[in-house]
Structures are given as C-alpha cells and as structure tokens.
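Just below is one structure, and these are the notes that go with it.
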Amino acid sequence: YDRKTDFRLYCLVTDFTSSGTVLLYREGLVRSCKLPYDLSEEGIAVAQRHLTNNCINKVTGKDDKYGGGRNNWCLYDFEKWLGTQDKPY
C-alpha cells in the first residue's frame with residue numbers, strides 16, 4: 001500500500017490515576033491520501049500525498065485502486081478489505 005494512512009480511534013479516559021482506566025471504542029476511522037506517498041522534490045510540494053485531511057484529498061478528483069476510490073473507511077470495512085488482499089500485512 002503506497003499511500004500515507006492514519007487511524008482515528010476513539011477512547012474514553014475515566015480515571016487519570018497511575019492505574020488509569022481507558023476504554024477504547026471498537027469502531028474507528030481509517031483515512032488515506034488519494035495520491036501515492038512521494039518524497040521527491042516534486043512530490044513534497046503536493047499536499048494530497050502527505051495529508052489525510054478530507055478537504056485536501058477531495059480536490060484530486062482521482063479514483064484510486066484501493067476500495068473503489070475511497071480514502072475513508074470505517075475500521076470494520078477496512079479490516080474486511082484487508083482480508084481480501086494477497087499481501088501479508
């Protein structure tokens with residue numbers, strides 16, 4: 001997978017003591033850039049290669065080969081898609 005990707009996970013901290021309690025919500029969001037990651041001089045200048053922000057990635061207008069052009073996934077759908085891939089992750 002040649003795209004920069006981030007995972008947005010939600011948690012609730014109910015206790016801030018040293019033994020703390022943190023509850024992790026089972027659903028999250030997976031966001032990826034629409035364009036392949038590129039550290040070349042030309043690639044660095046293109047925000048859609050490095051930022052997963054929805055507003056920035058909408059302007060590319062490109063469909064990508066991962067998930068029919070989706071750059072946002074709920075975590076459950078992403079896990080299902082990942083299971084269909086031949087690459088070992």
Side-chain angles (χ1 to χ4, degrees):
Y1 193 69
D2 57 356
R3 316 291 167 150
K4 188 171 183 182
T5 302
D6 72 46
F7 291 79
R8 184 171 284 190
L9 303 173
Y10 303 95
C11 69
L12 172 65
V13 179
T14 61
D15 182 3
F16 288 96
T17 64
S18 61
S19 62
T21 301
V22 178
L23 305 170
L24 183 63
Y25 186 60
R26 88 176 58 209
E27 195 51 77
L29 184 64
V30 180
R31 304 180 310 167
S32 63
C33 293
K34 282 280 196 167
L35 299 175
Y37 189 71
D38 182 2
L39 287 175
S40 71
E41 197 169 315
E42 297 83 26
I44 290 288
V46 181
Q48 293 89 350
R49 295 183 187 281
H50 304 282
L51 301 173
T52 59
N53 181 289
N54 293 335
C55 293
I56 290 172
N57 281 291
K58 261 196 256 186
V59 299
T60 62
K62 291 190 173 206
D63 219 19
D64 85 49
K65 62 184 176 182
Y66 303 106
R70 294 171 66 181
N71 66 315
N72 284 314
W73 299 73
C74 71
L75 194 54
Y76 176 77
D77 287 343
F78 180 73
E79 288 174 326
K80 283 190 343 189
W81 173 81
L82 205 54
T84 67
Q85 303 304 298
D86 293 332
K87 294 180 181 179
Y89 289 96

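Basis for what follows: all heavy atoms, side chains included, without hydrogens, waters or symmetry-related copies.
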Nearest-0.5 Å distance, [atom1] of residue [X] to [atom2] of residue [Y]:
X     : Y     : atom1 : atom2 : value
Lys34 : Arg49 : NZ    : CZ    : 14.0 Å
Thr52 : Asp6  : OG1   : CG    : 3.5 Å
Cys74 : Lys80 : SG    : NZ    : 8.0 Å
Thr5  : Phe7  : OG1   : CZ    : 6.5 Å
Ser32 : Tyr37 : OG    : OH    : 14.5 Å

Evaluate whether atom CD of Glu27 has more than 12 neighbouring non-hydrogen atoms of other residues, nucleotides or ligands under 6.0 angstrom away.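 Counting other residues, nucleotides and ligands, CD of Glu27 exceeds 12 neighbours.
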For [X] and [Y], indicate whether the former's side chain and the latter's backbone hold a donor-acceptor pair under 3.5 Å.
X     : Y     : value
Arg8  : Leu29 : no
Arg31 : Asn53 : no
His50 : Lys4  : no

Does the side chain of [X] reach to within under 4.5 Å of the side chain of [Y], using non-hydrogen atoms?
X     : Y     : answer
Gln48 : Cys33 : no
Leu39 : Ile44 : yes
Leu23 : Thr14 : yes

Taking all atoms of both residues into account, what is the closest heavy-atom pair of Gly28 and Leu9, and its distance?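 Taking every non-hydrogen atom into account, CA-CD2, 4.3 Å.
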Just to verify, which of Asp38, Leu51, Leu35 counts as forming a side chain to side chain contact (heavy atoms under 4.5 Å, CB included) with Val46?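 Checked Asp38, Leu51, Leu35 against Val46; only one passes side chain to side chain contact (heavy atoms under 4.5 Å, CB included): Leu35.
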If you group Ile, Leu, Val, Met, Phe, Trp and Tyr by side-chain heavy-atom gaps below 4.5 Å, do Tyr76 and Val30 land in one group?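 No.
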Tell me whether Tyr25 shares a hydrophobic cluster with Phe78, the cluster being built from Ile, Leu, Val, Met, Phe, Trp, Tyr side chains joined at under 4.5 Å.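 Different clusters: Tyr25 never reaches Phe78 through Ile, Leu, Val, Met, Phe, Trp or Tyr contacts under 4.5 Å.
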Classify the angle between the aromatic ring planes of Trp81 and Trp73 as parallel (below 30°), tilted (30 to 60°) or perpendicular (above 60°).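 Tilted: the ring planes of Trp81 and Trp73 meet at 30° to 60°.
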